[in-house]
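FYI, side chains are in, hydrogens and waters are out, and symmetry mates aren't considered; it's all heavy atoms of this structure. Chain identifiers are assigned alphabetically (A, B, ...) following the order of the sequence lines, protein sequences preceding nucleic acid strands; residue numbering begins at 1 within each chain.
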Amino acid sequence: MRVRLRYFASLREALGTADERAVRDGTTAGALWSTLVREHPAVARVRVRFAVDERYVDADHVLADGDELAVFPPVSGGC
Amino acid sequence: MRVRLRYFASLREALGTADERAVRDGTTAGALWSTLVREHPAVARVRVRFAVDERYVDADHVLADGDELAVFPPVSGGC
Amino acid sequence: MFEIIDDAIDPMRLLAAVGDPSAGASVLFLGTTRNENVGRRVVRLEYEAFAGMATKEMRKLATQARRRWPLTRVAMVHRIGVVPVGESSVGIAVSAGHRTEAFEACHWLIDRLKEIVPIWKKEHFRGGTVWIGEQQGGPPVPATRSKTRRKAVR
Amino acid sequence: MFEIIDDAIDPMRLLAAVGDPSAGASVLFLGTTRNENVGRRVVRLEYEAFAGMATKEMRKLATQARRRWPLTRVAMVHRIGVVPVGESSVGIAVSAGHRTEAFEACHWLIDRLKEIVPIWKKEHFRGGTVWIGEQQGGPPVPATRSKTRRKAVR
């Protein structure tokens with residue numbers, strides 16, 4: 001199945017705005033991110049949070065086909 | 001000596017905006033007010049504060065010739 | 001900016017008065033005539049001030065606030081005369097490097113203003129009027145008896 | 001009113017959005033780019049948002065605030081793109097029957113917004129840039145090394 005990826009802020013600068021990956025059934029958000037970190041070790045230090053379809057999810061959230069997984073570095077809105 | 005008087009809010013409605021009184025040397029703000037209350041018992045219930053020349057003073061503040069004594073009902077500015 | 005005015009409060013003037021390149025936070029408080037107070041239907045409020053002393057007291061409060069918190073700028077304005085429902089009677093703006101100081105100082109300033117600044121509020125509600133702050137000891141009195149209000153309230 | 005916008009924040013729109021005849025207090029918070037941050041000379045800030053989710057999260061925060069305090073109305077807006085020194089990146093307005101609720105809720109909303117709403121801030125300071133929130137573990141890196149910033153910061 002396929003999952004779209006969205007990156008923001010420093011992750012966007014390192015990995016680009018968006019990506020798409022084929023993953024096995026049962027893959028979690030955290031597992032997919034671990035795979036990506038192995039490809040791009042420079043982002044390993046970033047404490048990330050995940051959102052699927054514009055809602056926060058935990059790292060153990062199981063992805064579904066067509067999901068959009070957004071990966072966030074620490075948010076810093078406000079002032 | 002002479003002292004001017006200023007009234008506000010409910011006291012202004014009861015006693016008028018301003019007045020002037022001849023008082024003896026050594027008269028305090030509180031003593032002058034007691035005299036006025038005897039003349040106008042309707043204002044006796046009002047908890048008052050005093051200001052002389054636009055500064056708060058205690059009831060035992062001794063008045064000087066030419067002072068302006070302002071008598072305030074409880075303030076209620078704001079909203 | 002510390003003013004007693006007799007027309008509408010302009011929030012942009014207050015915000016402009018506290019704008020500063022070193023300020024990271026501005027907090028603006030507006031106190032507004034609401035249509036209800038302790039169960040009474042409020043028609044309008046009417047404010048009276050000892051204007052010269054009121055602006056002095058506002059300045060003193062700002063000075064005290066600056067001693068308690070590291071603030072950038074403070075501005076306070078109070079409107080007098082009739083203030084209809086939905087319009088503001090008081091505006092306080094505070095800027096600071098960081099937001100917590102700005103919130104705390106702004107809240108403290110309006111609390112203290114209500115306690116100390118010589119301004120009085122007469123509430124015109126459906127059925128009567130009352131000077132706020134004097135109604136302890138009895139209910140406000142209907143309009144038809146307003147000439148004897150003080151006695152009745154005692 | 002819950003918006004991500006890319007031009008200047010208009011405080012009057014926020015205040016108008018929370019105006020209500022039953023509101024006795026309005027508190028407006030503006031977060032502004034200041035010229036200094038932890039000793040760095042700030043030139044400008046640059047914000048990026050996951051806009052659709054950000055407005056949803058702002059609405060959720062407003063709903064949570066309404067559960068905690070009796071509020072009349074809430075409005076939140078965040079600006080993205082470049083925000084120069086002295087201009088506001090975020091504006092939150094809260095109205096309530098009484099002031100304490102309005103102050104507390106407004107303060108809580110900006111605190112929570114900073115923790116949870118998907119918006120990011122890049123600080124451009126004299127000598128470099130840094131994404132705020134990621135700098136734990138090392139100092140921000142000068143502009144000349146910005147390509148290797150992440151490694152250097154680790």
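- When heavy atoms are compared at a cutoff of 4.5 Å, C:Ile116 approaches chain B by way of both its backbone and its side chain.
- With values rounded to the nearest 0.5 angstrom, B:Tyr7 atom OH is found 13.0 Å from C:Phe50 atom CZ.
- Contacts between C:Glu115 and chain B at a heavy-atom distance below 4.5 Å involve the backbone alone (N, CA, C, O).
- Neither the backbone nor the side chain of C:Leu45 has a heavy atom closer than 4.5 Å to any heavy atom of chain B.
- Using a 4.5 Å cut-off between heavy atoms, C:Lys114 contacts chain B through both its backbone and its side chain.
- The heavy-atom pair separating C:Val117 from B:Val75 by the smallest distance is O-CB, 3.5 Å.
- Residue contact with chain C, scored on non-hydrogen atoms closer than 4.5 Å, involves the backbone and the side chain of B:Arg55 alike.
- At distances below 3.5 Å, at least one donor-acceptor pair connects side-chain atoms of C:Ser89 with backbone N or O atoms of B:Gly78.
- Contacts of C:Ala54 with chain B are absent, with no heavy-atom separation under 4.5 Å from either backbone or side chain.
- Other residues, nucleotides and ligands contribute over 12 non-hydrogen atoms within 6.0 Å of the CZ atom of B:Arg12.
- Between the side chain of C:Trp120 and the backbone N or O of B:Gly77 there is no donor-acceptor pair closer than 3.5 Å.
- In this structure, the portion of C:Tyr47 lying under 4.5 Å from any heavy atom of chain B is its side chain and not its backbone.
- Neither the backbone nor the side chain of C:Thr33 has a heavy atom closer than 4.5 Å to any heavy atom of chain B.
- The main-chain N or O of C:Lys121 is found under 3.5 Å from a side-chain atom of B:Ser76 such that the two form a donor-acceptor pair.
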Worked verdict on B:Arg6 versus C:Met53 for side-chain contact (heavy atoms from CB on, under 4.5 Å) = CA-CA 12 Å; B:Arg6 289 278 301 267; C:Met53 182 169 165; over 6 Å; no
